[in-house]
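Working notes, beginning with the structure itself.
Positions are given from 1 along the sequence.
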Amino acid sequence: MEDEERLPLGGNPDWMSRLPAQLLDVPLWNLALPGSHDSMSFCLDVSSPVLRSESCVLRALDRLFPCWTRTCVSLWATTQQSVLSDQCELGVRFLDLRIARKPAGGKALFFAHGIYTLMTVKEALHELASWLDAHPKEIVIVSCSHFESLTDEDHVHLADFIVTLFGEKLCRSRDVPTLRSCWSRGQQVVVSYSNQQMVMLHPELWLEIPYRYADSPDPLKVIAYLEDQKHRGRPAGFYVSGLNLTEDAPYVLLHPLQGMRKMTARALPPLLRWASEQRPGREAGGVNILCCDFVALSRFCSLVIGLNYKLLAAPDAGSLTRGRCWPLPWQQDQRANMER
C-alpha cells in the first residue's frame, strides 16, 4: 500500500512530529490514531483471584480450581505483550486502562482483565510520563475506565494523582486539540475518565470516549458491525473503532488451548485489510481511533498512521481544520444530565 510505505517497518516513536504541515491544525479526532485494547493486560497476575464482576460460574471454578482457572483466564484475557512505553514506541497513541482495586491489595490500585495485574496504576503512569518527557511532540490519549471496586475516596486520590503527575501536559476538555495547539501549550495527554463526578470536578479530565466493538470472536462479524456503525454516522469528537475480538464460553470450550493471541493472529489479515481501506476525517464514515489486540504482532500501527496521508488528497483539505468548540454534542448531553 502506497500510504503504508511512507512509514518504517519498525517502530513509530515520533510519528506525530513528522506529519505534513497540512495536518498540524486538524483536530485530533479527525486524525487516524492507533490504539491498544486492554493495554495493561500483558502483566496479569495468575496468583490473583478472578474479578468479582465475572460470572458466578467462573468465580466458583476459581474457588475450586484456582491454578487451572486463573491460567485459563490469563490465556484468554492477555491481549498485549509489552509495557506502555514499548507500545508508544510502536506508534500507539490511545491507551485503554481498566482500573481496579485488588482484594487485600492495600491502597494501591491495579489494572484488571478477568484477573488483576502485577503492575500498579502509579507505576504504569509514571512510566508513561517518562516516555512523554523523551518525546515532547507526541500526544497520547489515556482512557481510564471500569474502576472495579473503587471507592469514592479512591477516585479522589486517583484523579488528584493524574492531575498532579501530568500537570501542564494535560489538554483541557474544553479545548479543540490539534498538534500545533498542543505543541504551543506543551500539552501531551488527553485523559478520559469514566466517572462523571470526577470529570465535573477536574476540567483537565474528559468524559468517557465512545468505544465501538462487536463482541464477537468472528473477524467477519467484527467488520460487519463496524461497517454498520459507519453508516450510522460518527460521533462529533473522539471515538474508538475496536478491531478486537471477544471470546465467549462456547468458543473457549471448543478451543481450550488456543488463547487470545492465536485467535487474534488468525483474524489479523481480514481485520487489517478492512483497516487499510478506511479514511479519517469529519465525514460520516471517517475513522478516528482504531484499537487492536497484540499491536506488536503486525504492521497495525504503521498502517493506521498511514491513513492520515489520505487526508492530503481531500478535495477541500481546508475543511479538515474546522473543529467545533468543546464541549461537543455527545458531551453536552452528558454534562446536562449530570447537572440535573
Side-chain angles (χ1 to χ4, degrees), residues 3-4 6-37 39-40 42 80 82-97 123-144 162-173 175-193 204-206 209 237-240 280 287-292 295-296 299-309 311-312 320-321 323:
D3 293 326
E4 193 175 350
R6 297 173 185 263
L7 295 154
L9 282 169
N12 304 283
D14 298 291
W15 68 265
M16 287 180 157
S17 68
R18 298 200 302 270
L19 284 180
Q22 300 96 307
L23 302 181
L24 300 187
D25 295 306
V26 176
L28 295 183
W29 48 72
N30 286 340
L31 294 178
L33 308 175
S36 59
H37 169 244
S39 308
M40 289 298 300
F42 62 87
Q80 303 300 333
S82 58
V83 296
L84 297 187
S85 58
D86 286 350
Q87 294 180 36
C88 290
E89 287 283 313
L90 287 170
V92 166
R93 295 296 179 265
F94 174 89
L95 299 170
D96 175 20
L97 305 184
E123 290 170 338
L125 293 183
H126 273 299
E127 179 202 348
L128 177 61
S130 296
W131 187 88
L132 290 168
D133 286 339
H135 302 272
K137 287 195 168 184
E138 299 303 301
I139 293 94
V140 175
I141 302 169
V142 179
S143 171
C144 300
I162 290 171
V163 171
T164 301
L165 175 65
F166 293 115
E168 296 301 317
K169 285 185 171 69
L170 289 167
C171 301
R172 290 179 172 263
S173 60
D175 292 338
V176 177
T178 68
L179 290 174
R180 196 187 305 276
S181 70
C182 288
W183 294 347
S184 68
R185 300 169 186 150
Q187 296 173 341
Q188 290 185 266
V189 190
V190 173
V191 176
S192 81
Y193 197 95
E204 303 91 344
L205 302 180
W206 298 55
I209 294 173
F238 292 114
Y239 86 102
V240 180
V287 296
N288 176 212
I289 301 163
L290 292 172
C291 269
C292 190
V295 293
R299 290 188 52 131
F300 165 73
C301 288
S302 292
L303 186 152
V304 175
I305 295 166
L307 298 179
N308 291 300
Y309 290 89
L311 294 174
L312 301 178
L320 297 169
T321 65

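Across all non-hydrogen atoms, the minimal contact from W183 to S17 is CZ2-CA, 3.9 Å. The two residues V304 and P34 have their closest heavy-atom pair at CG1-N, 3.6 Å. For W15 against A32, the heavy-atom pair with the smallest separation is CH2-O, 3.8 Å. Nearest approach of C301 to G91, heavy atoms of both residues: SG-C, 4.2 Å. Smallest separation of non-hydrogen atoms from W29 and D175: CH2-O, 4.2 Å. Considering every non-hydrogen atom in both L170 and V163, the closest pair reads CD1-CA, 3.8 Å.
The backbone N or O of Y239 sits less than 3.5 Å from a side-chain atom of N288, completing a donor-acceptor pair. Formation of a donor-acceptor pair under 3.5 Å by the E168 side chain with backbone atoms of Q187 is not found in this model. Between the side chain of N30 and the backbone N or O of P27, no donor-acceptor pair lies under 3.5 Å. Looking at S181, its side chain does come within 3.5 Å of a backbone N or O of T178 through a donor-acceptor pair. D96 places no side-chain N or O within 3.5 Å of a backbone atom of S39 that could act as its donor or acceptor partner.
When the options R93, R18, K169 are evaluated for a salt bridge (charged side-chain N to carboxylate O under 4.0 Å, His left out) with E138, the one that passes is R93. Considering Q87, Q188, E89 as possible partners of W131, the one that fulfils the side-chain hydrogen bond (donor to acceptor under 3.5 Å, both in side chains) test is E89.
Side-chain contact between S143 and L97 is absent, with no heavy atoms from C-beta onward closer than 4.5 Å. Side-chain contact between L205 and S192 is absent, with no heavy atoms from C-beta onward closer than 4.5 Å. Looking only at side-chain heavy atoms (C-beta outward), F94 and C291 come within less than 4.5 Å of each other. Looking at heavy atoms from C-beta onward, F42 lies out of side-chain contact with S36 at the 4.5 angstrom threshold. Contact annotation: the side chain of V190 never approaches that of V142 to less than 4.5 Å [non-hydrogen atoms, C-beta and beyond]. A 4.5 Å side-chain heavy-atom check between L307 and P280 finds at least one atom pair inside the cut-off. Side-chain atoms of L290 and L33, non-hydrogen and from C-beta on, never get closer than 4.5 Å to each other. Two residues are said to be in side-chain contact when any heavy atoms from C-beta on lie closer than 4.5 Å; C88 and L90 fail this criterion.
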Point to revise | Y309/L23 under side-chain contact (heavy atoms from CB on, under 4.5 Å): CA gap, chis, key distance, verdict | key: CA-CA 9 Å; Y309 290 89; L23 302 181; 5.7 Å; no

**Study point:** Residues V26, N308; criterion side-chain contact (heavy atoms from CB on, under 4.5 Å); working and verdict
**Key:** CA-CA 10 Å; V26 176; N308 291 300; over 6 Å; no

Review point. Would L84 and M40 satisfy side-chain contact (heavy atoms from CB on, under 4.5 Å), going step by step from the backbone distance to the final call?
Key: CA-CA 7 Å; L84 297 187; M40 289 298 300; 3.7 Å; yes

Practice item. Show your working on side-chain contact (heavy atoms from CB on, under 4.5 Å) between F238 and L28 and close with a plain yes or no. Key: CA-CA 8 Å; F238 292 114; L28 295 183; 3.7 Å; yes

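Between the SG atom in C292 and the CZ atom in F300 there is a gap of 5.0 Å [rounded to 0.5 Å].
Judged purely by distance below 3.5 Å, without hydrogens or angles, the side chains of E127 and S85 pair a donor atom with an acceptor atom.
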